[in-house]
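Comments concern the structure below.
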Amino acid sequence: MKIAVLGGDGFVGWPTSLHLSDAGHEIHILDNLSRRWIDTELGVQSLTPMDSIQERTRIWHAETGRRIHFHLIDLAKDYELLKGWLAKHRPDAIIHFAEQRAAPYSMKSDRHKNYTVNNNVNATHNLLNALVELELDAHLVHLGTMGVYGYSTVGAAIPEGYLPVGIETPDGRTVSQDILYPANPGSIYHMTKCLDQLLFQFYAKNDGLRITDLHQGIVWGTHTEQTRRHTQLINRFDYDGDYGTVLNRFLIQAAIGYPLTVHGTGGQTRAFIHIQDSVRCIEIALNNPPERGSRVEIFNQMTETHRVRDLAELVAKMTGAKIAWLPNPRKEAPENELIVKNEKFLGLGLAPTTLGEGLLGEIVDVAKKYAYRVDRSRVPAVSAWTRDIAAKVEHDPEGKRLKSVS
Ligand code: USQ
């Protein structure tokens, strides 16, 4: 297949591009490199040293003989450029990762809220609009989030996108219908993914677009089979308070002797998936497109759920790290249960990589190798969800006074 990977320079986009290129597909990365600019804005860098996208693709070609093409395009701002590219290349499938993906970054200030909404919603809408205009029947696979469901404790499993409901009619009958599971975003970032869902519903219904939405959990790990092949193919690895995600952060913190930053009681339960499984799921989704005219296909892309404090205790036990119990910078339930259905990927052959498989130690080793690149002052999460909360997030785990960014 000819596949356009929008946002193919990012944390999941890059290993996905390599994985699909390795499988023999023709890969075109479209990216505005915004994630690299955000590193510059925040004054942080990936734990792992990343080469330019051109250099990465050159190394891939030298290693494998396969070409990955790169096109510098801003989906949210350059509609005509995007449309022109799609008209010229007419890909068979499109994978859409091209969105600002960090909840803390999206909550930093009014400017960051505006940026996240404008960037994410415009990118998605420009893409859908162009597909219709060009009568391009490419299968669109979008990277969504488990966060669209919220993390409330209702005691029942979260279905894969749709909830069957019974509605009473005036004459006393009950009619059944599948509705999108009620959206319950916990940040501006997560809210944009809820808005994406509505855009997908409309365009699938009105124009027959073939769309798969992957509701992904928190990704952990850094290497995949392909990124291991050469030091310059290495994936990015975020550790800072805005872009680092919880389990990877704990592992890096353990590697540099920094107290593990548990927010609140650590009673938050979240869904997780290893990066290797993430790229496999995307391939499975690509190979199982919905029919034209059918509803948006939704998969829960996760393999296990864990409570934050259990993860901290596991990492502490494994490495001897200390745990810091911190005021939570986010507005979120202090404790929640989470049961998630993921039978669709399992039924299509996904064999989950779980926490018990020795990969935690590998990540600590990667973190130790590059520990000299870590700026400890960028480890604390200082983006507060409200002004009231900002006033409480005053000190970092090492006792230094923090300045809230908002
Ligand atoms: N947390 C800590 N300590 C930390 C960092 C986070 O206790 O040092 C807590 C947070 O308060 C939260 C939980 O861990 O309760 C998860 O935070 P996270 O930063 O790992 O994940 P989140 O903000 O939800 O976002 C990440 C990705 C996002 C993806 C989402 C999937 O950045 O792109 O959509 O995970 S999900 O969480 O299932 O919605």
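Along the sequence shown, residues carry numbers from 1. Each ligand, and each atom within it, is numbered from 1 in the order the structure gives.
In this structure, atom 35 (O) of ligand 1 lies nearest to the protein heavy atom Ile218 CG1, 3.3 Å. The protein non-hydrogen atom at the shortest distance from atom 3 (N) of ligand 1 is Thr261 O, 2.6 Å. Of the protein's heavy atoms, Arg101 O, 3.4 Å lies nearest to atom 28 (C) of ligand 1. Looking from atom 26 (C) of ligand 1 to the surrounding protein, the closest heavy atom is Thr245 CG2, 3.8 Å. Nearest protein heavy-atom contact of atom 38 (O) of ligand 1 is Met146 CB, 3.2 Å. Nearest protein heavy-atom contact of atom 7 (O) of ligand 1 is His263 N, 2.9 Å. In terms of protein heavy-atom proximity, atom 30 (C) of ligand 1 is nearest to Thr145 OG1, 3.8 Å. In terms of protein heavy-atom proximity, atom 39 (O) of ligand 1 is closest to Tyr151 OH, 2.6 Å.
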**Request:** Could you check Thr245 against Trp220 for side-chain hydrogen bond (donor to acceptor under 3.5 Å, both in side chains), going step by step and ending with a plain yes or no?
**Result:** CA-CA 8 Å; Thr245 52; Trp220 63 282; over 6 Å; no
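Between His142 and Phe200, the gap from one ring centroid to the other is short of 6.0 Å. The six-membered or imidazole ring of Tyr105 lies away from that of Tyr189, with a centre-to-centre distance of 6.0 Å or more.
Remark: distances from the non-hydrogen atoms of Gln216 to ligand 1 include one below 4.0 Å. The closest approach between Ala381 and ligand 1 stays at or above 4.0 Å for every heavy atom of the residue.
When side chains are defined from C-beta on, Val262 does not count as touching Leu311, because their heavy atoms never get closer than 4.5 Å.
Remark: Tyr181 pairs with Tyr149 by the ring-ring contact (aromatic ring centres under 6.0 Å, His included) rule, at least two apart or across chains.
The one candidate from Arg58, Arg56, Glu55 that meets the side chain to side chain donor-acceptor pair (under 3.5 Å) condition with Gln232 is Glu55.
Distance check, rounded to the nearest 0.5 Å: CG of Asn122 to OG1 of Thr192 gives 11.5 Å. To the nearest 0.5 Å, atoms CD (Glu133) and CG (Leu128) are separated by 13.0 Å.
Against a heavy-atom cut-off of under 4.0 Å, Arg249 is close to the following atoms of ligand 1: 4 (C), 5 (C), 8 (O). Close contacts of ligand 1 with Ala103, meaning ligand atoms under 4.0 Å from a residue heavy atom, involve 23 (O). Remark: ligand 1 atoms within the under-4.0 Å shell around heavy atoms of Val308 are 7 (O), 14 (O).
The backbone N or O of Ile273 lies less than 3.5 Å from no partner atom in the side chain of Asp277, so there is not a single donor-acceptor pair. His25 places a side-chain N or O within donor-acceptor distance of the main-chain N or O of Met1, the cut-off being under 3.5 Å.
Backbone and side-chain nitrogen or oxygen atoms of Tyr189 are examined, and one is located within less than 3.5 angstrom of a nitrogen or oxygen of ligand 1. For Pro104, no nitrogen or oxygen atom sits less than 3.5 Å from a nitrogen or oxygen atom of ligand 1, counting backbone and side chain alike. Between Val246 and ligand 1, at least one pair of N/O atoms sits closer than 3.5 Å.
Nearest approach of Gln100 to Asn120, heavy atoms of both residues: N-OD1, 2.7 Å.
The option with the heavy atom closest to atom 19 (O) of ligand 1, from among Glu332, Gln268, Arg330, His190, is Arg330.
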